[in-house]
Amino acid sequence: MRGVGIVGRVALGILALLGLLVMAAGAAVAGVVGSDDTVFNRPTDLGDDGRPVLTSPDLLAYEGITVTLRASAPGGVFIGTAHPVDVADFVGDSSRIRLTRVTRSGVVAEDAGSAEPVRPASAGFWTSSMRGEGVEELTLDRDSAASQWVIAPLTGKGPTTVSFGVTVPGLFRAALLAFGLGALALLACVELLLRWRRTPRAPERPAIEAPPEVDGPVVDRPLVDRPVVDRPVVERPAGRHRAQRTAVAMAVVLSATGCTWEDLMPAKRQPTDLAATKVALTKAELPALLASYDRRLGQAIEAAQPPRYGADLWRLADRGPALESDLFGTRVARLTAVGGRSSVPHDPVGVYAPRFASYPMWSLVASTTGDDKRIDLFTKASVQAPWLRQAGTTVSRGLPEAGRPARAASSEQAAAATARWRTYLRSGTTDDGLVLDPDSEEWRENVADLGSRAMFRSYTVSVEAAGKSGLSRVVEVDDGALAIVALRMTTRLAGRPDLRVRWAPPYGEYRPSADGVLSFAHLAVGVIHLPSKGPARVLGATYSEVAVTP
């Protein structure tokens with residue numbers, strides 16, 4: 001039994017030491033962090049030559065913390081934050097300093113790039129930024145989307161001084177709680193040890209000798225002559241109950257402060273996919289995109305009005321098939337001396353955007369123009385380039401719900417639906433695998449009606465992908481996928497040999513005719529919904545006349 005007592009005292013001593021250590025750690029953390037739950041590392045001077053300083057995308061990327069960057073430089077400093085994909089496109093191979101790790105005594109950095117340094121303060125894509133001549137601070141919540149810092153002297157002269165502060169909500173309170181629990185455990189163990197020491201041990205009971213055998217009659221002896229052994233009452237140690245009360249007190253304190261054991265566990269890193277890829281366009285960014293596009297489109301439409309008929313500004317708004325249609329329309333307006341088109345603002349509706357690891361990026365944008373609903377393909381060549389419209393159409397059917405952004409889809413189903421649509425436009429035949437839209441049916445009926453007139457002996461429609469590499473984009477949606485496709489169609493009408501068939505004015509100014517064959521061309525832009533079940537559906541299509549290519 002004595003051995004058990006020694007083991008108990010040793011155990012209490014160890015618990016008391018642990019309580020002391022926890023109390024000391026809590027006091028140290030509380031002293032360093034302070035009531036604002038923030039601790040800063042030691043400032044470090046970087047880049048005497050004035051090169052920009054960039055953080056690695058995953059620097060301090062832990063959930064549940066807020067990071068504050070302090071920076072200064074001679075003549076002022078610029079601090080900006082942006083998505084790592086945007087930053088990578090902006091800096092390219094430019095010379096810079098890359099921060100890879102933050103320690104209590106400073107930072108760990110390395111040189112990167114060899115080209116001419118960039119000037120971050122002149123860029124305009126930053127999600128948040130600030131500049132100033134003193135010590136500037138910019139705070140970033142690491143629970144939000146992936147982001148990294150870019151720091152640079154405003155005058156291009158270094159060094160740049162940086163330090164990082166980490167804010168963990170409830171850390172100061174947790175440190176005080178640790179101090180209190182450590183003190184409570186220490187006091188409880190000390191009290192138990194002292195109580196154990198003060199508790200008297202029971203004296204050894206003397207051996208009672210058997211009375212000697214006596215011959216003859218037994219004579220009763222008085223009771224008072226018998227030895228009486230005192231039996232002191234020994235109190236049981238209260239350590240077990242004390243430990244239970246201590247555990248209950250700890251649980252009560254934890255519950256009262258709203259702190260759980262999970263709060264003290266190491267935070268999890270953000271998924272690397274957040275930093276490696278970026279959603280091309282979010283719904284929150286859509287109003288700004290359409291406002292910018294309407295402004296640039298309005299300038300182009302104004303320049304294309306008579307008598308100037310200028311076509312140079314179309315490139316500020318459109319690219320690809322959309323630009324080809326703009327230029328042809330301006331040329332027709334100049335040849336026929338008619339007015340240009342009017343500008344109608346786009347009101348945002350929604351976005352169908354994939355994730356990309358680098359630029360260029362694209363997105364399908366849903367909007368309304370007056371009473372019409374549209375889907376337009378916008379592309380962005382680099383982080384500082386504007387969004388340009390490449391193709392688009394009005395839609396006459398309901399749009400599917402956008403799914404969770406994913407990488408752009410490469411769908412065989414989209415290729416099959418495009419082939420069916422191409423077959424219908426060329427020959428007028430279709431099957432149950434594609435549900436056509438009214439505009440496609442109307443266009444095909446008009447071409448067939450024109451070709452069946454008495455002055456023509458036959459007609460042909462050739463269909464090919466628009467552009468050298470074609471235009472087809474597919475994005476996953478909540479129910480399947482959504483595709484936008486652009487096709488170039490050339491219609492040739494063969495006149496009767498006994499007639500002199502040619503285009504009447506003003507069509508002859510921009511439509512070719514040779515040897516009795518009249519030609520015209522259209523760009524067909526269609527949006528096709530590819531549901532998970534059932535046939536593909538053309539939600540809408542637009543047919544814009546363009547110049548006939550040789």
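These values consider heavy atoms only, across backbone and side chains, with no hydrogens, waters or symmetry-generated copies.
No more than 12 heavy atoms of other residues, nucleotides or ligands sit less than 6.0 Å from atom CD of Glu302. Residue-environment remark: CG (Asp431) exceeds the threshold of 12 foreign heavy atoms within 6.0 Å. Annotation for Arg308: atom CZ does not count as buried by contact number, only 12 or fewer foreign heavy atoms lying within 6.0 Å.
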Mind running side-chain hydrogen bond (donor to acceptor under 3.5 Å, both in side chains) on Thr379 and Trp387 for me, showing each step along the way? CA-CA 6 Å; Thr379 60; Trp387 283 98; over 6 Å; no
Apply salt bridge (Lys or Arg N to Asp or Glu O under 4.0 Å) to the pair Arg397 and Asp437, showing each step before the final yes or no. CA-CA 8 Å; Arg397 293 191 171 103; Asp437 65 301; 5.7 Å; no
Would Asp479 and Lys533 count as a salt bridge (Lys or Arg N to Asp or Glu O under 4.0 Å) here? Give the steps. CA-CA 9 Å; Asp479 178 21; Lys533 296 181 180 179; over 6 Å; no
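For the pair Thr277 and Phe356, the minimum side-chain heavy-atom distance is 4.5 Å or more. You'll find the side chain of Leu46 reaches within 4.5 Å of the side chain of Val162, heavy atoms only. The closest side-chain heavy-atom distance from Leu290 to Val365 is below 4.5 Å. Two residues are said to be in side-chain contact when any heavy atoms from C-beta on lie closer than 4.5 Å; Glu137 and Leu69 fail this criterion. Using a 4.5 Å heavy-atom cutoff, the side chains of Leu388 and Arg315 are not in contact. Proximity of Val87 to Leu54: side-chain heavy atoms (C-beta onward) are separated by under 4.5 Å at one or more points. Looking at heavy atoms from C-beta onward, Lys278 lies in side-chain contact with Asp86 at the 4.5 angstrom threshold. Between Tyr543 and Leu523 there is no side-chain heavy-atom pair separated by less than 4.5 Å.
Side-chain contact check for Arg296 and Ser292: at least one donor-acceptor pair (N or O, by modelled atom type) lies under 3.5 Å. Judged purely by distance below 3.5 Å, without hydrogens or angles, the side chains of Thr68 and Thr139 pair a donor atom with an acceptor atom. There is a side-chain donor-acceptor pair under 3.5 Å between Arg389 and Tyr293. Between Asp45 and Thr161, the side chains place a donor N or O and an acceptor N or O closer than 3.5 Å (distance only, hydrogens not considered). Judged by distance alone, the side chains of Trp421 and Ser440 do bring a donor and an acceptor atom under 3.5 Å apart. If you check the side chains of Asp93 and Ser114, you find a donor sitting under 3.5 Å from an acceptor.
Thr330 contributes no side-chain N or O that, together with a main-chain N or O of Tyr309, makes up a donor-acceptor pair within less than 3.5 Å. At least one donor-acceptor pair under 3.5 Å links the side chain of Thr393 to the backbone N or O of Thr542.
With Val91 as the partner, the side-chain contact (heavy atoms from CB on, under 4.5 Å) test is satisfied by one option alone out of Val383, Val118, Val150: Val118.
Under the 6.0 Å cut-off for aromatic ring centres, Trp443 and Tyr424 do not qualify, their centroids lying 6.0 Å or more apart. Checked against the 6.0 Å centroid threshold, Phe90 and Phe125 count as a close aromatic pair.
Annotation for Pro321 and Ala466: closest pair CG-CB, 4.4 Å, computed over non-hydrogen atoms. Contact record, Val474 with Ala481: CG1-CB, 3.8 Å, taken as the closest heavy-atom pair.
For the pair Arg70 and Phe40, the cation-pi criterion (under 6.0 Å, within 45° of the ring axis) is fulfilled.
Every pair passing side chain to side chain donor-acceptor pair (under 3.5 Å) that includes a residue from residues 362-374 is listed here, sequence neighbours excluded: Arg374-Asp376.
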